[in-house]
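All chains are named by letter (A, B, ...) in the order of the sequence lines, taking the proteins before the strands, and each is independently numbered beginning at 1.
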Amino acid sequence: MWRDASLVAGRDLRVEARSRVTINQVAPFALLVLILFAFALDPDGPVLERATPGLYWITVLFSALLAIARSAAVDEADGVRDALRLSALDPAGVFVGKALAVAAELAALEALLGLGVIILYGADPAALGLLGGTCLTATVAVASTGTLYGALVSGLRVRETLLPLLLLPVLAPVLIAATRAFEAALGGVPADGWPWCGLLAAFAVLYSVAGALAYGTLLEGS
Amino acid sequence: MIAMTHAGYVAAAWLAPAALIGGYALVLLRRGRSLSRQVPTEERRWS
Amino acid sequence: MTATTPAGTSSGTTTPTSTDPSGTRTGRGAPGSVGPSHTGSAATRVLGLLALAAVGLLVLYGLVISPADREMADSVRIMYVHVPSATYLYVGCFITSLASGLWLWKRTPGWDALGETGAEVALVFSFVTLLTGSLWGRPTWGTYWVWDARLTSTAVLTALLIGYLALRRLDLDPDARSTRAAVLGLLLVPNVLVVNRSVEWWRSIHQDSTLVKLDPTIEGDMLVALMVGFLALGLVFTWLMVHRFRVAWLEQQADRVDLDAALRERRAEAKGQVAPPAAPDRFDTSDPSGPDVDEKVTPA
Amino acid sequence: MEPAVHLRDAVALLGRFPALAGIDLDVRRGEIVLLRGPNGAGKTTVLRVCAGLVPVVRGVATVLGHDLRRDVRPVRRRVGLLGHATGLFDDLTVADNVTFWGRAYRAGDADIAAALDLVGLSTRLRDVPVARLSAGQRRRTSLACLLARRPELWLLDEPHAGLDHDARDLLDGLARQAVDQGATVVMSSHELERAEALADRVVELDGGMAGQTLHEVPHVA
C-alpha cells in the first residue's frame with residue numbers, strides 16, 4: 001500500500017513541480033487574502049490583531065480548497081480513472097498518496113502564511129510546539145478530508161461549486177479547533193490549546209481511515 | 001390563555017413549523033400520487 | 001394531512017425501515033392495472049390520524065394546560081416544539097447514516113431509498129429546529145440568533161444535509177449516484193458528532209453566565225407537555241418517513257420501467273440484420289453483482 | 001485452452017442505456033478479431049466490458065477464464081485497453097507518464113525502457129511534456145504504457161485513428177508480435193482496409209448485438 005502511496009504522491013508532486021500551479025497561483029492568492037483582510041479590518045485597530053488566528057486559518061482553508069480541487073483535477077484527465085481501475089494500484093494507496101501530496105502543499109502554504117501573518121499582522125509566534133502540533137494535525141485533517149471529498153465530486157459537471165458546499169461544513173470543526181489552539185498559543189495559556197490539538201488529531205485519524213476505506217468504492221462507482 | 005406574554009413569538013413558533021411540515025406533507029402526497037400513476041401496481045409493496 | 005381517498009384497499013403495511021424491499025417480486029399483476037394511485041395505505045391513514053390526535057393534544061397541553069415559566073413566561077412554550085424537532089433531526093440523520101452503510105454493504109436499492117428519505121425529512125426538521133430556536137432566542141435574549149451550542153451545530157448540520165441532497169439531485173447514472181451519496185451519508189453521523197463536540201467546547205469557553213440555559217428545570221404539566229411534544233412530532237416524523245420512502249421507492253421503480261422499453265427499442269435498432277436472442281422480459285438492473293433474479297435464459 | 005473472450009447474451013448498461021442488448025461473441029486465444037459496425041453499435045462498450053470496466057447485468061461474460069459477473073479484478077490485471085482517451089498527465093513528460101503507469105501495472109523498469117524504445121519515443125521526445133505532443137505522439141505514449149505491462153488481451157478502440165503511416169505499421173507489427181507470443185487482440189476500427197488486413201476474423205456489430213462472422217481472413221502462414 002505504501003509503495004503505491006509514494007508512487008502516487010511522487011506523481012502528484014511532480015505534476016505540481018512541472019505545472020507550478022500552487023506556487024504561482026495558490027500561494028499568491030493566499031497572501032492576497034491576508035492583505036484583503038487587512039483592508040477589511042483597520043490594521044492599526046485591535047480587531048485585526050485579536051482575529052489573527054481566525055483569519056489565518058480561514059485563509060488556509062480557502063487555499064486548501066484550491067489545492068484540493070487542483071489535486072482532484074489531475075485524476076480527471078481523460079481516461080485516467082479507467083487506467084487507475086485497470087492498474088494494480090491499491091485504492092487506499094492512491095488515497096494516501098494524493099492526501100500526502102496535498103498535505104505537503106498545504107504545509108508549504110501554512111508556512112508561507114505564517115510568515116505573512118508575522119510580517120503583515122505583526123503577530124509574535126509563541127508556544128511553537130503547540131503551533132507546530134496544530135498545523136500538523138490540521139494539515140493532515142484538511143488533506144485527508146479534501147482528498148476524499150474531491151473523489152466524491154470528481155467527474156461531476158458542477159464540482160467547482162459542489163466541493164466547497166460539501167467540504168466547508170465538514171471542516172467547520174477544524175477551523176474552530178485550529179483557531180482556538182492558535183489563540184491559546186499566541187494569546188496566553190498554551191495548555192488550553194492542546195485539547196483542541198487532540199480534537200484535530202482525532203478528526204485527522206477519522207478521515208484518513210474513512211478515506212482509505214471509501215476511496216476504492218468511489219473509484220469503482222464510475 | 002389569552003393574556004400570554006410573547007404571544008406573537010409563541011404563535012409564530014407553532015404556526016410556522018405547522019405550515020412547513022404541512023406543506024411538505026402535501027408535496028409528498030402530490031409527488032406520491034403523480035408517481036403512482038406511472039408505476040404499475042405490483043411494483044408497489046403497499047396497497 | 002392524511003390521504004382520505006375513499007379507495008378501500010386491503011391493509012398492507014410497510015414499516016419505514018423495511019428491509020430488502022427489492023427482493024423477489026411476488027405476484028405478477030397485469031402491468032397498469034389500476035391500484036391505489038397514491039402512497040397512502042391503511043397503515044398510513046391510521047398513523048396519520050394518530051399523529052393529528054397527538055398534535056391536538058400537544059396544542060392543548062403546550063398552549064393551554066402547562067403554566068408559564070417563572071423567568072421566561074410564555075416563551076417557554078416554544079420549547080415543546082423546539083426540543084422534539086431537534087431530537088428527530090438527529091434521528092433522521094442516524095437513519096440516513098445507517099441506511100447508507102447498509103447500502104454500501106448489501107447494495108439493495110431499499111437502503112438507498114431510505115438514506116434519501118432520512119436526509120430529506122431530517123432537513124425539514126432542521127429548518128423547524130432553527131426556526132423555533134431563533135424565535136425562542138428573540139424574547140429570551142433579545143436577538144434572533146444566539147451562538148448557542150445546539151443551535152450552531154444544528155446550522156452546520158443543516159448545511160451538511162443540503163450538501164447531501166444536492167449531491168443526490170445530480171443526474172449521474174443511478175448506481176454511481178447511490179454509491180457517492182452512501183459514502184457521504186455514512187459520514188453524516190461522524191460529522192455530526194465532531195461538529196457537536198467542537199461547538200460544545202467552543203461555546204463552553206465563551207458561556208457567559210447571563211445566558212439562561214436553554215432547558216429550564218421542568219416538571220409537572222410542563223414535563224407532560226414536552227412528552228406530548230415528543231409523541232406528536234414522533235408520529236409526524238414517522239408518517240413523513242413512510243410517505244417519503246414510498247415516493248423514493250416509486251422513483252426507483254419509474255427509473256426501471258423505462259429501461260425495459262429502452263431494451264426493446266435498442267433491439268429494434270438492429271435493422272433485423274442481427275437476430276435478437278430470446279427476449280427475456282423484466283430484469284433487475286439494481287444489483288449488478290448477484291445473479292439476476294428474473295433470469296429466464298439459463299446460462300449455457 | 002478456454003477462449004480469450006466468451007460472451008453469451010450479455011447485456012451491459014451505460015447509465016440507463018442498454019449499450020449491449022444481449023451480445024454473443026467468442027474470441028479464441030492468439031486471434032486478432034476486428035469488431036465492425038456503425039457508430040453506437042456498442043463496439044467501445046464490448047471492449048470496456050472485456051476490460052472489466054462496465055458491469056454485465058445479464059447473460060454470461062468470461063474473459064481469460066474469469067467470470068466477469070463474479071469478480072472483475074483478476075481480468076483487469078491481464079488486459080490492456082487503448083481507447084480514445086489517452087489517460088496521460090499533460091503536465092508530466094513522456095518518460096514520467098510511461099514510468100508511472102508502468103509501475104502502476106507492476107511492470108519492471110526494463111519493460112518500461114523497452115516499451116519506450118519500441119514506440120520510438122525513447123530519444124528525442126522522452127522528456128517533452130505530453131501537453132506539447134501531437135495526437136499521434138500521444139497515442140504512441142499510451143501505446144507504450146500498454147506495451148510496458150505486456151497484457152495477455154489487447155483491447156484496441158480505433159487504434160489507427162490519428163496515427164501517421166509508419167505509426168500504423170508500427171502498431172500492426174507490435175500487435176502481430178504480441179499475438180505470436182500468445183496474446184489476443186480485439187479491436188474496433190473504421191479504417192477497414194488496413195484493419196481487415198491485420199485481423200484474422202471480422203465480426204459485424206449492430207444495435208448492441210453481434211451478428212454472424214462476416215468472413216474469415218485466410219491466415220497467412
* Asked: C:Val192, C:Asn196, C:Leu184: which one forms the most heavy-atom pairs within less than 4.5 Å of chain A?
  -> C:Leu184
* Asked: Roughly how far, to the nearest 0.5 Å, is the CZ atom of C:Arg197 from the CD1 atom of A:Ile176?
  -> 12.0 Å
Mind listing the side-chain donor-acceptor pairs of residues 185-203 of chain A below 3.5 Å, one per line with the distance, residues two or more places apart or on another chain?
none

* Positions in residues 115-128 of chain C that reach chain A, provided some heavy atom is under 4.5 Å away -> none
* **Any side-chain heavy-atom pair of A:Glu220 and C:Thr179 under 4.5 Å** => no
* Can you tell which part of C:Val156 gets under 4.5 Å to a heavy atom of chain A, answering side chain, backbone, both or neither? => both
* Which residues satisfy the salt bridge (Lys or Arg N to Asp or Glu O under 4.0 Å) test with A:Asp82, sequence neighbours excluded? -> A:Arg85, D:Arg48
* Asked: What part of C:Leu104 lies closer than 4.5 angstrom to a heavy atom of chain A: side chain, backbone, both or neither?
  -> side chain
* Asked: Looking at C:Leu186, C:Leu167, C:Leu187, which one has more heavy-atom pairs under 4.5 Å with chain A than the rest?
  -> C:Leu187
* Structure fact -> Heavy-atom closest pair (C:Val195 atom, A:Pro169 atom, distance to 0.1 Å) is CG2-O, 4.4 Å
* **Heavy-atom contact with chain C under 4.5 Å, split by part of A:Ala177** => neither
* To do: Evaluate whether atom CH2 of A:Trp2 has more than 12 neighbouring non-hydrogen atoms of other residues, nucleotides or ligands under 6.0 angstrom away.
  => no
* Under 4.5 Å, heavy atom to heavy atom, which residues of residues 132-153 of chain A contact chain C? -> A:Leu148, A:Tyr149, A:Ala151, A:Leu152, A:Val153
* Begin with the C-alpha distance, continue with both residues' side-chain angles, and end with the deciding distance and a verdict on side chain to side chain contact (heavy atoms under 4.5 Å, CB included) for C:Val183 and A:Tyr215. => CA-CA 9 Å; C:Val183 170; A:Tyr215 205 79; over 6 Å; no
* Give a yes or no on whether C:Phe94 atom CZ has more than 12 heavy-atom contacts from other residues, nucleotides or ligands under 6.0 Å away. => no
* For A:Phe62, does the CZ atom sit with more than 12 other heavy atoms under 6.0 Å from it, leaving out its own atoms? -> no
* **chain C contact via A:Val158 - side chain, backbone, both or neither, heavy atoms under 4.5 Å** => side chain
* To do: Please determine, among A:Val170, A:Leu168, A:Leu165, the option with the most heavy-atom pairs under 4.5 Å with chain C.
  => A:Val170
* Structure fact -> Separation between CD1 (C:Ile162) and CG (A:Leu166), nearest 0.5 Å, reads 11.5 Å
